[in-house]
**Student:** 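Have a look at this one.
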Amino acid sequence: MKNLNLKDDFVQFMSSLINDLKDNPDKWENKSLLDYLEGIQSWTDDMEGYYLNNNLPVPENVNWGVFADILTAARVYE
């Protein structure tokens with residue numbers, strides 16, 4: 001789990017993710033938006049297994065509403 005406690009941390013993480021896709025597209029399985037969104041859905045559905053298999057605590061207080069707001073707003077925000 002990434003240590004992202006502040007909005008600026010998340011913005012910097014997103015910048016790194018965007019740059020990684022630009023610089024290393026061959027390392028990305030899900031290059032299209034549709035594939036990426038389906039990957040988010042699938043991983044979220046199975047995320048407890050990821051944390052348990054890696055001996056990490058399963059997040060308990062995720063603010064799913066804010067995450068949904070971010071994804072929804074990004075449909076039209078430039």
Side-chain angles (χ1 to χ4, degrees):
M1 177 183 339
K2 303 245 183 274
N3 190 12
L4 304 174
N5 296 316
L6 303 172
K7 180 175 88 170
D8 288 344
D9 297 336
F10 182 73
V11 171
Q12 179 59 45
F13 167 76
M14 290 301 302
S15 180
S16 296
L17 197 63
I18 291 164
N19 288 332
D20 187 58
L21 176 58
K22 288 177 182 177
D23 297 341
N24 305 296
D26 53 312
K27 293 182 179 179
W28 283 62
E29 170 106 12
N30 299 316
K31 295 178 182 118
S32 77
L33 179 58
L34 178 60
D35 290 343
Y36 192 70
L37 290 173
E38 287 175 344
I40 291 171
Q41 179 188 31
S42 295
W43 192 90
T44 303
D45 189 37
D46 296 333
M47 69 184 245
E48 290 81 6
Y50 167 82
Y51 289 101
L52 295 172
N53 290 336
N54 288 283
N55 296 317
L56 297 168
V58 176
E60 294 182 9
N61 296 314
V62 177
N63 189 330
W64 296 110
V66 171
F67 191 59
D69 288 345
I70 291 168
L71 292 174
T72 301
R75 295 180 315 157
V76 296
Y77 197 84
E78 297 178 20

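Because only heavy atoms are used, hydrogens play no part in the values below, and waters and symmetry mates are left out as well, while side chains stay in.
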**Student:** What residues, two or more places apart in sequence or in another chain, satisfy side-chain contact (heavy atoms from CB on, under 4.5 Å) together with Asp69?
**Tutor:**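 Once residues adjacent in sequence are excluded, Asp69 has no partner under the side-chain contact (heavy atoms from CB on, under 4.5 Å) criterion.
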
**Student:** What heavy-atom pair brings Leu4 and Asp9 nearest, and what distance separates the two atoms?
**Tutor:**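 Shortest heavy-atom separation between Leu4 and Asp9 comes out as CD2-O, 3.5 Å.
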
**Student:** Who pairs with Phe13 by ring pair (Phe, Tyr, Trp, His ring centres under 6.0 Å), at least two apart in sequence or on another chain?
**Tutor:**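 Residues passing ring pair (Phe, Tyr, Trp, His ring centres under 6.0 Å) with Phe13: none at all.
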
**Student:** In a table with atom names and distances, give each donor-acceptor pair under 3.5 Å that connects a side chain of residues 53-67 to protein atoms at least two apart or in another chain.
**Tutor:**
residue: Asn53; atom: ND2; partner: Gly49; partner atom: O; Å: 3.1
residue: Asn54; atom: ND2; partner: Tyr50; partner atom: O; Å: 2.7
residue: Asn63; atom: OD1; partner: Gly65; partner atom: N; Å: 3.3
residue: Asn63; atom: OD1; partner: Val66; partner atom: N; Å: 3.1

**Student:** Assigning hydrophobic clusters by single linkage (Ile, Leu, Val, Met, Phe, Trp, Tyr; side-chain heavy-atom cutoff under 4.5 Å), is Tyr36 placed with Leu71?
**Tutor:**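 Yes, Tyr36 and Leu71 fall within the same hydrophobic cluster.
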
**Student:** Can I get a per-line list of side-chain donor-acceptor pairs under 3.5 Å for residues 26-35, giving both atom names and the distance, sequence neighbours left out?
**Tutor:**
residue: Trp28; atom: NE1; partner: Asp20; partner atom: OD2; Å: 2.9
residue: Lys31; atom: NZ; partner: Pro25; partner atom: O; Å: 3.4
residue: Lys31; atom: NZ; partner: Trp28; partner atom: O; Å: 3.4
residue: Ser32; atom: OG; partner: Asp35; partner atom: N; Å: 3.0
residue: Ser32; atom: OG; partner: Asp35; partner atom: OD2; Å: 3.3

**Student:** Let me check something: do Val11 and Ile70 share a hydrophobic cluster, defined by ILVMFWY side-chain heavy atoms less than 4.5 Å apart, either directly or through other members?
**Tutor:**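 Per the 4.5 Å side-chain linkage, Val11 and Ile70 are not co-clustered.
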
**Student:** Taking side-chain contact (heavy atoms from CB on, under 4.5 Å) as the test, write out the residues that go with Lys22, two or more places apart.
**Tutor:**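 Scan of Lys22 (side-chain contact (heavy atoms from CB on, under 4.5 Å), adjacent residues dropped) gives Ile18, Asn19.
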
**Student:** Keeping Thr44 on the side-chain end and Ile40 on the backbone end, is there a donor-acceptor pair under 3.5 Å?
**Tutor:**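 Indeed, once roles are kept as given, a pair shorter than 3.5 Å links the two residues.
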
